[in-house]
Amino acid sequence: MLETVVEFLNGAQGRDFFRFLKVAFLAFFTVAALAVLFAPRARPGRVSYGLLRVIVTAALAAVLAYQATWQLAGFVKPDFVRFMRRYNKRPRAAETQVMRGPILDRRGLVLAAPVPGDVWGRRYPLGESAVHPVGYFHSRFGITAVERVCDPELSGYPAETKEDFPGKNLFAVRAAEGAAVTLTLDAGLQAKAYELLEGRKGAVVVMKPRSGALLALVSSPGFDPLNPQSAVEDDENSPVFNRAVQGRYPPGSTFKILIAGMALEKGLSPVYACPGMGYIAGPNTPPIRDSEYYAYARNGAVWPGWGRLGLEEALVHSSNVYFAQLGVGCGTPAFNRVMARARINEALVYLEAASGKLKTACGHAPEVARKRKLALLAIGQGEVLVTPLHVACFTAAVAAGGEMARPRLRADEPVEKLGMLFMPGTAKQLGEMLRKAVRSGTGRAANVPGLEVCGKTGTAQAPGGDDHAWFTCFAPQRRPGIVVTVLVERGGFGAKAALPVARALLEEADRLGYVRQTGEELK
Amino acid sequence: MSRKSKKSDAATPAGAATGLFLLSSLAVLLACLSILGVRLCNAPALPWEQMIPIGVYLVGVPLILGWLKITGWKGDPGLPGAVFLLCGMGLVVQFRMGSFAQGLARPLALLPFPLGLAAFFVGVTVTGKGRGRWLAGTGWLAYLAAAGVFAVMLLLGRRFRGGIYMPGHMNPSEIIKPLLVIFLAAYLSRRQKDFSETQVGIPVPALDSLLALIFLWALPMMFVFLLKDLGLMMLMNATLIIMLFAVSQGTGYLALGLAAVTAAGFGMRVISSNVRNRFDVWLNPFADPTGKGWQTLQALCAMYSGGAWGAGLGSGVPQAVPIVTSDFIYAAMAEELGLFGCAMLLMVYAVLFSRGFRAAGATRTPFERLLCVGLTGSLAVQTLINVAGVTKALPMTGVTLPFISHGGSSLITSMLIAGLLTGLSDRK
């Protein structure tokens with residue numbers, strides 16, 4: 001019995017029933033109140049305190065009138081409307097006055113758009129692939145990412161102008177509109193990058209080296225921006241977590257780009273013996289070995305070692321034994337200096353708006369005092385942690401002649417330089433070495449004909465599971481147009497797991513015209 | 001036959017009051033239906049236990065009205081009519097807000113209304129049939145009792161949310177209101193002449209009576225100050241002013257009193273940081289919207305969302321307002337009944353106060369007249385400062401809304417006052 005009642009109440013007729021009840025209640029309440037008003041009166045006495053009665057009634061009426069200025073006309077108070085936009089979760093809130101502005105990609109394609117007639121409605125054509133940079137706008141789960149920090153513009157209440165707020169247009173037929181926000185993302189690249197990760201945990205950053213414009217900022221797995229519920233509850237995969245900017249991983253061999261640059265800046269290009277048994281930095285430290293040692297051991301063979309290696313050869317083959325020695329050889333001040341220049345310990349701000357910033361997590365590179373510790377840090381292991389965006393940024397600096405640009409997500413933000421990471425000559429030399437690493441070294445599989453790809457693989461050991469797979473690259477070697485950084489969490493070898501994603505993206509970006517530059521590099 | 005008896009029923013005041021109650025109970029039942037419907041949408045179970053207070057209302061009120069009829073009460077039917085409509089709405093809203101949610105597991109939450117009905121009965125019995133004048137002899141007793149309550153509160157009370165409460169969050173300071181009104185009525189009615197002299201419109205009371213009053217009044221006000229109860233302070237002083245006006249029939253007291261209350265409010269602002277906070281929120285709630293201004297702004301959000309006709313009982317989101325069931329219950333009503341429902345509610349209050357003052361004029365003795373004015377005035381001022389505080393027309397002072405706010409002592413005291421008024425209106 002009760003079940004049928006519940007069914008009826010939850011159905012379409014139920015809504016009408018509640019509306020009827022509301023009207024009926026107000027009607028009966030009014031009748032009862034009027035009956036009290038017109039109830040028979042007792043005969044008046046000698047005095048009737050008319051003044052007191054008038055004062056009390058007038059005061060109640062005045063309070064009611066004041067209440068009406070909020071209850072019926074609250075929308076004319078900009079401060080109040082702004083408060084309600086942010087903190088009033090009721091569906092009949094001030095939102096109805098404004099059509100929330102869209103979020104567009106660099107070509108004007110829609111990343112997020114309003115749904116006419118639905119206050120909290122939002123359309124996200126890219127769905128789960130762009131949910132991390134774009135964010136969501138949800139009646140229960142709130143507002144995140146670009147939707148959050150660009151909220152004043154999107155909702156038509158820029159923080160600066162108090163006078164011109166769209167509530168004024170209330171009596172216009174059409175709802176007022178918030179402004180559009182254009183991002184630097186390319187919807188095609190973003191979707192492609194997400195697709196290439198195939199649901200594996202990982203991140204992709206695609207950016208322009210000189211301007212810092214982010215063409216894709218992908219974190220996988222994604223989730224449906226219209227329904228964050230299950231994602232919020234998923235503790236195992238944590239899809240809500242933006243791995244591209246919040247995930248902190250050991251950089252592995254991608255870090256050797258920085259170490260090689262550091263040595264070149266010091267004028268060092270030593271030749272070290274790289275024995276198969278590895279390098280022992282000091283007493284009580286385990287030996288640092290090349291990855292080939294383990295590959296040989298698995299087949300029951302003994303790795304003879306690279307023998308004597310120069311810097312270029314070592315980077316091409318990604319020799320841990322060489323770089324451990326190089327790190328120790330360069331010394332702690334040089335290491336700390338390059339960490340500061342690469343902004344590893346800082347949070348990189350990639351969107352700055354009036355109502356907030358979007359920034360990465362801080363990386364972590366310990367202040368080193370003892371040379372011995374450097375051996376492990378120099379191969380991107382030990383305590384050092386970075387976000388994928390950090391890796392993309394120092395790769396971009398190498399591509400841009402040594403100058404680091406601040407990453408940008410919003411198209412109308414000006415290009416901002418973060419200073420020189422390396423001298424232009426150093427950057428050029430590094431570029432040549434990274435080109436060779438792709439032509440004949442660890443990154444061979446990324447050698448797309450005609451693109452002159454320069455890149456570095458990384459296979460970073462992390463406690464509690466398989467290695468993280470990295471690949472970071474830029475192309476072409478002369479006049480680089482694009483930087484691609486790929487991380488696959490627990491993906492194993494960088495060349496196997498991360499590299500194919502980057503290669504496919506390079507080809508896609510080339511097809512879209514981002515790689516081979518015809519004129520001056522665009523923003 | 002039946003029609004005839006009905007007609008004769010309506011002819012007596014008690015019969016008219018019963019008719020008013022019938023209309024009120026229909027509105028209450030419709031409200032319950034709406035609330036139960038929303039509850040059923042979420043969970044297919046009927047919360048019978050939570051409706052016990054409403055059952056008490058539907059059974060207990062007719063019993064009391066029947067008793068009035070049997071004893072031949074001939075007062076103003078509008079008074080019990082308004083009171084029972086208001087407390088019916090109060091029960092409905094508290095039921096909707098889940099104040100009785102624990103049902104019989106927490107009987108203390110179910111008790112206030114039955115006790116309130118008992119208090120109403122006591123009130124009617126004490127003052128009905130002209131017995132009210134005997135209360136005049138208890139003026140000093142009431143004064144001492146009020147002082148005793150204060151002393152007990154200061155000794156045993158605990159600080160909670162800026163005020164002092166007894167164990168179990170009871171607030172016995174409520175009972176001080178009628179006690180002090182009885183004292184004032186007894187004191188002033190004996191010195192009517194001393195307080196009614198005026199010179200060019202400015203009241204010039206006899207010096208000895210005035211000094212005695214100031215001295216006697218200072219003691220409870222000092223206690224109120226120590227309790228840091230701004231609301232009670234405003235309420236009692238406004239009541240004093242209304243009673244002085246009633247005793248002298250001179251408007252000068254009203255003007256002087258208004259100035260004095262305003263000055264006292266600003267004075268408190270300088271002394272107490274709690275009061276200063278409330279003033280700041282009143283002047284600019286947006287200075288600290290998520291902190292000090294949060295409750296007031298959420299209440300205004302609730303009102304805005306209610307609009308003209310409201311969300312319907314049970315369909316709003318009033319729980320977004322912090323501690324909405326006590327001081328801010330008016331915001332919940334504004335959201336779910338709309339501005340229209342609020343207008344009706346305030347109209348019922350206005351009728352209650354208007355008829356209370358009118359009943360005062362028809363009493364026989366000066367004491368009863370003053371008592372009636374004082375009790376009505378205290379209810380009126382309490383209603384005004386609560387509603388004005390919730391709507392941000394005045395600073396929030398932390399008084400409850402009579403008959404509606406959650407809280408046993410408030411409801412019982414209001415019902416006691418309503419009972420006394422109903423009795424006083426009885427013309428013997």
Side-chain angles (χ1 to χ4, degrees), chain A residues 2-3 5-6 9-10 14 17-19 21-26 28-37 39-49 51-53 55-57 59-64 66-68 70-72 74-75 79-80 82-84 86-90 92-94, chain B residues 16 20 23-24 26-27 30-31 33-34 37 40-41 44 75-78 81-82 85 242 251 286 289 297 300-301 303-308 312-313 315 317 320 334 339-344 346-351 353-354 357-363 373 380 384 387-388 391 393 425 427:
Chain A
L2 217 49
E3 273 71 26
V5 175
V6 172
L9 290 175
N10 277 317
F17 177 67
F18 280 119
R19 204 166 302 144
L21 271 183
K22 174 174 135 183
V23 173
F25 167 73
L26 279 180
F28 269 79
F29 184 36
T30 309
V31 168
L34 289 176
V36 170
L37 177 64
R41 273 174 213 158
R43 260 177 296 123
R46 284 171 294 118
V47 281
S48 64
Y49 296 104
L51 185 62
L52 279 180
R53 284 156 55 200
I55 288 178
V56 167
T57 310
L60 284 172
V63 169
L64 189 72
Y66 182 75
Q67 182 187 342
W70 294 97
Q71 191 150 7
L72 299 183
F75 57 84
D79 280 333
F80 184 49
R82 202 167 300 131
F83 177 85
M84 287 196 294
R86 190 152 281 202
Y87 302 115
N88 188 359
K89 289 292 160 73
R90 294 170 180 87
R92 245 205 68 180
Chain B
L20 294 177
L23 288 174
S24 304
L26 278 177
L30 262 175
L33 203 59
S34 174
L40 277 178
C41 278
D76 185 343
L85 180 53
I242 289 175
T251 48
F286 300 105
L297 287 175
L300 294 175
C301 274
M303 285 175 204
Y304 182 85
S305 310
L313 267 166
S315 304
V317 196
L339 189 69
F340 178 78
C342 282
M344 287 299 122
L346 293 190
M347 189 185 83
V348 177
Y349 274 114
V351 170
F353 306 144
S354 180
F357 287 132
R358 190 193 282 269
T363 49
V373 168
L384 262 172
V387 174
T391 54
S425 79
R427 30 187 59 219

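Each chain gets a letter, A, B and so on, in the order its sequence line appears, and its residues count up from 1. These numbers come from a predicted model, not from an experiment.
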Quick check: closest heavy atoms across [X] and [Y], and the distance to 0.1 Å?
X	Y	value
L72(A)	G307(B)	CD2-C, 3.9 Å
L313(B)	A31(B)	CD1-CB, 3.4 Å
L20(B)	G78(B)	CD1-CA, 4.4 Å
Y304(B)	W70(A)	CD1-O, 3.3 Å

Which one, [options], leads in non-hydrogen pairs under 4.5 Å with chain A?
options	value
A334(B), G75(B), S24(B)	A334(B)
A393(B), S425(B), A350(B)	A393(B)
A27(B), G312(B), S315(B)	A27(B)
V348(B), L384(B), D76(B), V387(B)	L384(B)
L33(B), L297(B), L346(B), V351(B)	L297(B)
L23(B), T363(B), L339(B), L40(B)	L339(B)

Given that the side chain runs from C-beta out, which part of [X] has a heavy atom under 4.5 Å from chain A: side chain, backbone, both or neither?
X	answer
F286(B)	side chain
L85(B)	side chain
M347(B)	side chain

* Can you measure from CZ (F340(B)) to CG (L26(A)) and round to the nearest 0.5 angstrom? =>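 Result: 6.5 Å between the selected atoms.
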
* Structure fact -> So, the part of V23(A) with a heavy atom under 4.5 Å from chain B: the answer is neither

* Segment of F29(A) engaging chain B (4.5 angstrom heavy-atom cut-off) -> both

* Is F28(A) atom CZ crowded by more than 12 heavy atoms from other residues, nucleotides or ligands, each under 6.0 Å away? ->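 12 or below, so no.
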
* **Non-neighbouring partners of I55(A) that pass side chain to side chain contact (heavy atoms under 4.5 Å, CB included), sequence neighbours left out** =>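 Counting only residues at least two positions away or on another chain, I55(A) forms a side chain to side chain contact (heavy atoms under 4.5 Å, CB included) with L51(A), L254(B).
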
* **side chain to side chain donor-acceptor pair (under 3.5 Å) against S354(B), all qualifying residues, sequence neighbours excluded** =>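 In terms of side chain to side chain donor-acceptor pair (under 3.5 Å), with neighbours along the sequence ignored, S354(B) is linked to R53(A).
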
* Top contributor to chain B interface from F18(A), F17(A), Y49(A) [non-hydrogen pairs under 4.5 Å] -> Y49(A)

